[in-house]
Amino acid sequence: MADSKAQRLAAALDDFIQSSPDVEAAAVVSFDGLPMASALPAEMEEDRLGAMSAALLSLGEQAALGLGRGQLNQIFVEGEQGFVFLMSAKDQAVLTAVARRTAKIGFMLFEMRRAAARVGDVLLEGREDEDPYAAVIAGPGAPQSEPPAQEAAWR
């Protein structure tokens with residue numbers, strides 16, 4: 001029996017967290033800040049992490065575009081106690097990770113890219129099956145619709 005999408009997202013997060021002992025928490029968050037999956041310690045609130053991820057994403061996009069740096073690829077925050085990383089999961093959601101101060105940044109970014117790609121693949125699975133009438137209504141020659149501005153900014 002195939003696992004559900006939620007189980008595959010949880011498995012992707014678990015694999016990511018196990019990739020480094022410095023990863024303390026990880027979550028898949030929608031562009032609106034709604035948590036889709038998470039692996040968090042008890043003292044970390046899922047809703048708070050989601051809201052902060054959305055806020056960081058919005059500011060990061062504005063800064064990147066406003067300062068002429070182009071589209072946002074990732075966000076990296078360094079604090080006294082550690083790091084926060086945000087990375088697009090194939091324009092489907094945001095992968096947020098919280099790591100200890102001892103984390104190796106290059107290694108974290110490498111593992112984040114792998115995990116974000118896996119999360120994006122899971123979220124893209126069966127997308128064409130969600131609305132079986134969409135292709136019929138649009139017709140074979142109809143132009144593809146553009147993704148919402150928030151999602152397009154991660155390209």
Side-chain angles (χ1 to χ4, degrees), residues 1-20 22-42 44-65 69-77 83-99 103 105-140 142-155:
M1 186 170 140
D3 293 336
S4 70
K5 191 176 276 192
Q7 289 172 320
R8 289 190 299 277
L9 279 178
L13 285 180
D14 287 343
D15 289 348
F16 171 62
I17 286 181
Q18 291 174 3
S19 70
S20 170
D22 292 317
V23 178
E24 295 180 304
V28 178
V29 179
S30 74
F31 292 108
D32 295 333
L34 299 173
M36 301 167 81
S38 65
L40 308 176
M44 195 172 292
E45 296 176 41
E46 186 180 57
D47 290 340
R48 179 183 297 249
L49 181 68
M52 288 183 176
S53 296
L56 284 169
L57 172 65
S58 178
L59 287 173
E61 286 177 338
Q62 290 176 22
L65 291 173
R69 302 296 98 188
Q71 299 296 322
L72 181 66
N73 290 329
Q74 62 192 27
I75 295 173
F76 169 70
V77 177
F83 306 100
V84 178
F85 301 88
L86 283 86
M87 190 173 290
S88 172
K90 294 192 174 183
D91 294 331
Q92 302 303 304
V94 178
L95 175 62
T96 301
V98 178
I105 296 169
F107 180 75
M108 282 292 303
L109 292 173
F110 173 77
E111 290 296 333
M112 284 277 302
R113 281 188 204 99
R114 290 179 51 183
R118 183 172 170 195
V119 166
D121 288 342
V122 170
L123 293 173
L124 286 169
E125 288 174 4
R127 268 234 144 153
E128 60 278 355
D129 295 334
E130 289 180 6
D131 185 3
Y133 300 108
V136 174
I137 293 169
Q144 297 293 317
S145 63
E146 290 294 319
Q150 187 79 17
E151 295 178 18
W154 281 92
R155 291 184 179 175

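- Between Phe16 and Glu111, the closest side-chain pair of non-hydrogen atoms falls below 4.5 Å.
- Side-chain contact between Leu124 and Lys90 is present, with heavy atoms from C-beta onward closer than 4.5 Å.
- How far CG of Leu57 is from CD of Gln62: 10.0 Å, rounded to the nearest 0.5 Å.
- Looking at every heavy atom in both residues, Ala116 comes nearest to Leu95 through N-CD2, 3.6 Å.
- Summarising the geometry, atom CZ belonging to Phe76 is positioned 7.0 Å from atom CG belonging to Leu109; distances are rounded to the nearest 0.5 Å.
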| request: Show the numbers, then the answer: is there a side chain to side chain contact (heavy atoms under 4.5 Å, CB included) between Glu24 and Met44? | output: CA-CA 10 Å; Glu24 295 180 304; Met44 195 172 292; 5.6 Å; no

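- A donor-acceptor pair is defined here as one N or O able to donate and one able to accept, closer than 3.5 Å; no such pair exists between the side chain of Gln92 and the backbone of Ala89.
- Of the possible polar contacts, one joining the Ser30 side chain to the Asp32 backbone as a donor-acceptor pair under 3.5 Å is found.
- Residue Ser53 comes nearest to Thr96 through the heavy atom pair OG-OG1, 2.9 Å, listed as atom of the first residue, atom of the second, then distance.
- The shortest non-hydrogen separation linking Leu13 to Ala26 is CD2-CB, 3.8 Å.
- Using a 4.5 Å heavy-atom threshold, the side chains of Val28 and Pro35 count as separate.
- Residues Leu49 and Val98 form a side-chain contact, since some pair of their non-hydrogen atoms from C-beta on lies under 4.5 Å apart.
- Residue Ile105 holds its CD1 atom at 11.0 Å from CG of Asp22, rounded to the nearest 0.5 Å.
- Residues Gln71 and Leu65 form a side-chain contact, since some pair of their non-hydrogen atoms from C-beta on lies under 4.5 Å apart.
- A search for side chain to side chain contact (heavy atoms under 4.5 Å, CB included) contacts involving Glu45 returns Arg48, not counting sequence neighbours.
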| said: Determine whether Met108 and Val23 satisfy the following criterion, side chain to side chain contact (heavy atoms under 4.5 Å, CB included), listing intermediate values before the conclusion. | reply: CA-CA 8 Å; Met108 282 292 303; Val23 178; 3.6 Å; yes

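- The two residues Ala12 and Val119 make their nearest non-hydrogen contact at CB-CG2, 4.0 Å.
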| task | Could you walk me through whether Val29 and Leu34 pass side chain to side chain contact (heavy atoms under 4.5 Å, CB included), step by step? | result | CA-CA 5 Å; Val29 179; Leu34 299 173; 5.9 Å; no

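- Comment: Arg118 engages Asp15 in a salt bridge, judged by a side-chain N to carboxylate O separation of less than 4.0 angstrom.
- Atom CZ of Arg113 sits in a crowded spot, with more than 12 heavy atoms from other residues, nucleotides or ligands closer than 6.0 Å.
- Glu125 CD to Arg8 CZ: the interatomic distance, rounded to the nearest 0.5 Å, is 4.0 Å.
- Between the OG atom in Ser88 and the CZ atom in Phe31 there is a gap of 5.0 Å [rounded to 0.5 Å].
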| message | Pair Met87, Ile75 - check side chain to side chain contact (heavy atoms under 4.5 Å, CB included), show working. | response | CA-CA 7 Å; Met87 190 173 290; Ile75 295 173; over 6 Å; no

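- Interatomic distance, Leu40 CG to Ile17 CD1, rounded to the nearest 0.5 Å: 7.5 Å.
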